[in-house]
*Asks:* 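Below: one structure in structure tokens.
Below, read A as the first sequence line, B as the second, and so on, with proteins coming before strands; counting in each chain starts at 1. Remember, it's a predicted structure, so these values are computed and weren't measured experimentally. Side-chain atoms are counted along with the backbone in the values below, which use heavy atoms only and exclude waters and symmetry mates.
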Amino acid sequence: MTAAAILIQFLNGLASASSLFLVAAGLSLIFGVTRIVNFAHGSLYMLGTYIAYSLIEHFGRGPLGFWGAVLLAGLIVAAFGALVEIFLLRRIYAAPELLQLLATFALVLIVKDFALWVWGPEDLLGPRAPGLGGAVEIAGRQFPEYDLFLIVLGPLVLAILWAILTRTRWGTLVRAATEDREMAGALGVNQKWLFTGVFALGSLLAGLGGSVQIPREPANLFMDLSVISDAFVVVVVGGLGSIGGAFLAALLIAEIKAFCIGIGDVTWFGHVLSFSKLTLVVEFIVMAVVLVIRPWGLLGRQQSVPRSSGAAEAPLALPSRTAVQALVALLAALALVPVFFSGYALVLLIDIMVFALFSVSLYFIMGPGGMHSFGHAAYFGLGAYGAGLIVKSGAAMEVGLLAGPLLAGIGALVFGWFCVRLSGVYLAMLTLAFAQIAWSVVFQWDAVTGGSNGLIGIWPAPWLASKTAYYYLALAGCATGIFVLWRILYAPFGYALRAGRDSPLRADAIGIDVRSRQWGAFVIAGLAAGLAGSLSAFSKGSISPESMAVPRSVDGLVMVLLGGIQNLTGPVWGAALFTWLQDAVAREIDYWRAVLGAVILALVLAFPQGIAGYIGQFIESRRVKSAGAPA
Amino acid sequence: MLEVSALNTAYGRAHILFDVALDARPGEVVVLLGRNGAGKSTTLKSLIGLVRPLSGEIRFNGRRIDRLQPYQVARLGLGYVPEERRIFADLSVMENLEVGRQPRRDGAAFWTPERLFELFPNLGRMKERGGGRMSGGEQQMLTIARTLMGNPSTVLLDEPSEGLSPLIVEQMAATIRDLKREGLCVLLSEQNLHFSELVADRAYIIETGQIRYSGTMAELSADEAVREQYLSV
Amino acid sequence: MSVLKVRNLSKAYGGVQAVSNVTFEVAAGELLALIGPNGAGKTTCFNMLNGQIAADSGSVEFEGRALTGLKPRQVWRLGVGRTFQITATFASMTVRENVQMALLSHHGRLGSLASIATRACVDEAEALLERVGMRAQADRSCAVLAYGDLKRIELAVALANEPRLLLMDEPTAGMAPKERNALMRLAADLARDSNIAVLFTEHDMDVVFAHADRIIVLAAGELIAEGRPDEVRAHPKVREVYLGSGAMYGATHA
């Protein structure tokens, strides 16, 4: 690259950094004060872009129309954010953080279908900015004027935010509430409006981040998840709650991306190395590196332990005789199904069993392990691809069923080594990052994985070719997998894992190497998820990259949470309910995502402590009321 | 000033307080004595609204406050100093005080940072220091000063002597006597009988969530049997 | 014979000397109290002994072996027990299971994927609970226990690896006076019976003066006094920076 090219790529990076910073700063602010990881932040950004597009169409493309639309779009998104805070989030601040996450993910689904309904599936590109539509010459090259405006915008917003947070009373209160909102309340600070204000400000930033993109990037329905994962990365790299860190991280990532595009394809020793293809993963690689070196991000600090971590879990009792009998009966019933049903019922049941194993394996690390994973689909996908690739290379299907879980296990061994070094939201983000890396490798490596088309023609061995035979294989595989996972939880290994979650300090003081336990659990869960993936691949006969994409990971979370995290069998029921629901809804309704989102929201609002938790509380409150004074 | 009757509070499945009744009058220092887990902190948290009582009545200056949010209670002039200090570690001393600032209130002392620095000279020497970089004793002073910025007429102090060295505890006792002189009503929870004897006018003893004894501090000091039974001194 | 030898231990945080040149020893069967004002460096000092914090300089020797650079779990394996200022127990487990975890770890059986954890070391766990008077509560969840009982469980857990040294950080914080004395008496009896060296920090001077064999006083990171309780109590510097007038402990009543 010439010096001029380097300069231009550098400026390109600066321009992209601004929008990224706006979204990430909003996300960081909201997380800092409300402790909610707002999955819907990318949706707010997407709304900003769409609304700006429509407003410009309405007001006309003149300077007033354009700039007015950009600003107004931000304000409309801010108002929407405020409404969301008032009518949804206010009701769930006391809920477990994963349920909050689920609620914001439900919003993602609803907003996406709303956008589809209003604006349709086509990409919409806005006009150029009046007055900034041209280009200036920099170092002999044309550089868009509008990008110069963006370069200024980022630092400007940073300065304004900084001034608000450190120079105003409101900012001081926001920072106080970020540290300890309960204490701020006890000192007379009305958190309700503080939270609404912060959420509106964060939404404004997201909306503006989206609306200023309108001349550069067409509005489309996939922006929400791509932006949110970018913003997560920026926030985590910068350090949760640190606005300056978010700015630094946005710069770093945007620059690295810009240079990857700038470098393009390079031939090294006869191999073509495509740097531009790296852009899909490079930010996640940056994040992984930063988190390993600085576990709380560039400018972040160690997260204090949340004050109200909810009621403690009851001790794990060995299953009663009745429970064992019920499970045996269920197994027997499942074994009898092919006698009475065939065709689609078996396909659906295989799906349910596969996802039951997947969700129990996720529960294994989330519940007893205390590690929240947002990227568990990676291991499901690795299992599927491992099996598929080995079969494609000519090996027998039986070998594939071993190779799949093995590949997933190796993936978990590598990714897990990094992940167990972190905790809380940082750990969750790193799991997401690794899943995204695995996904984009699969997505781009056309020659081997078939790229976006995936692999087809992955069929079981002849003796398993009938649906009934395969049904029994899936039943045996999933039941064994689930049983083994449960059994491990009753063994010393499972207890040591829970010990590390309950009190890392005490566990360490009695000689337990908490990290290596967690690492082991990660690998075990990876193997199990891989088995689920392999079984799923042969059942469908094909594999697509979607099997390891973010929505699949979220599906797993929804299953675990639906069933309740304090119960061993919960994830199985959650998986059954969710898989059946998705199957039934997706076939009948066009806007099934919105319906699913609405169902999730209704469940979260009705049972903010989780369904299982609610039932437990209900029983308990009756007991307390009838008990009266103690003896 | 503060009147509590038939207060019942539960945390999830655990019923903590049973028909707690107590009162505190203007210019009075009242101590709630009891061992760990007896319900002292829960009582104070119920008063300020951090924990919602199941039933019972809490009146402050004649007004029901048992269904109010903590910020509403604080704005009525009931200050709360928590057990673990809970200083905003990222904020400076001055900013910590700013968070506590509320408008002037009739019938209560009016505090400014300058006046507080007279009461806590240490804090005046470290106005810009971050709350996280102070010693335990300094933090304890700051958490009280921060609450006073709300110009409360009554202050709830949760175990102010816990975890402090004997010398700092003596200073804390002097501070509480200063507050009393300013006309404040102070309700504190304590386990430390020595400390309570230095500051309190009246005492309640709470055990397993029930008030077991009430009397003047002098009476309690003289009553060997009660102290032996409830406080295991 | 000294079980623990600490020589010239120092630690600085961002230019501030938290602990400087601290030297002391603890003998088997001896109860040594470490006292001092808030922020004097007690906790830092304590955490350097069991490996939670790395020292800048100086040495810590346990039975002649250097502890410097070891992790807490390695220190424990050598035979050092530990209790915490704020109790740290496994809330999702029963009292017995808490002790079983320590025993399983001591016997190197925690890696097992196959055996049933709750059926291991039952008798041993109950014997330990008997020693601290908690056997009757063995089946209760740690999440619902009173604070004083949790302190006893911590003691049972700390004894599970048959330690020769017990580190107790403010063992009686948050307890009623009589419970405090009972817990310290229990610890002292256990220590003397099994010849365990005990080092503890404490703010309750009644407890310290009643149970410590020897006391060392830390102020602003330095040892300012060392001696028998009566010597330390009368030490003018200790009175000035820490003890005060004596109103906060039994001195006025004695």
*Asks:* Kindly give the heavy-atom pair with the smallest separation between B:P166 and C:L243, and that separation in Å.
*Replies:* CB-O, 3.4 Å
*Asks:* Side chain, backbone, both or neither: which part of B:L33 has a non-hydrogen atom closer than 4.5 Å to chain C?
*Replies:* neither
*Asks:* Which atom pair, heavy atoms only, marks the closest approach of B:S165 to C:P37?
*Replies:* CB-CA, 3.9 Å
*Asks:* Where does B:L164 contact chain C at under 4.5 Å (heavy atoms): side chain, backbone, both or neither?
*Replies:* both
*Asks:* Heavy-atom cut-off 4.5 Å, strictly under: side chain, backbone, both or neither for B:S135 against chain C?
*Replies:* side chain
*Asks:* B:H194 and C:D206: which non-hydrogen atoms are nearest, and at how many Å?
*Replies:* NE2-OD2, 3.3 Å
*Asks:* Give me the atom names and distance for the closest heavy-atom approach of C:V241 to B:L167.
*Replies:* O-CD2, 3.6 Å
*Asks:* Please look at C:E240 and chain B and tell me whether the side chain, the backbone, both or neither of the residue comes under 4.5 angstrom of a heavy atom of that chain.
*Replies:* backbone
*Asks:* Does B:E224 have more than 12 heavy atoms from other residues, nucleotides or ligands lying within 6.0 Å of its CD?
*Replies:* no
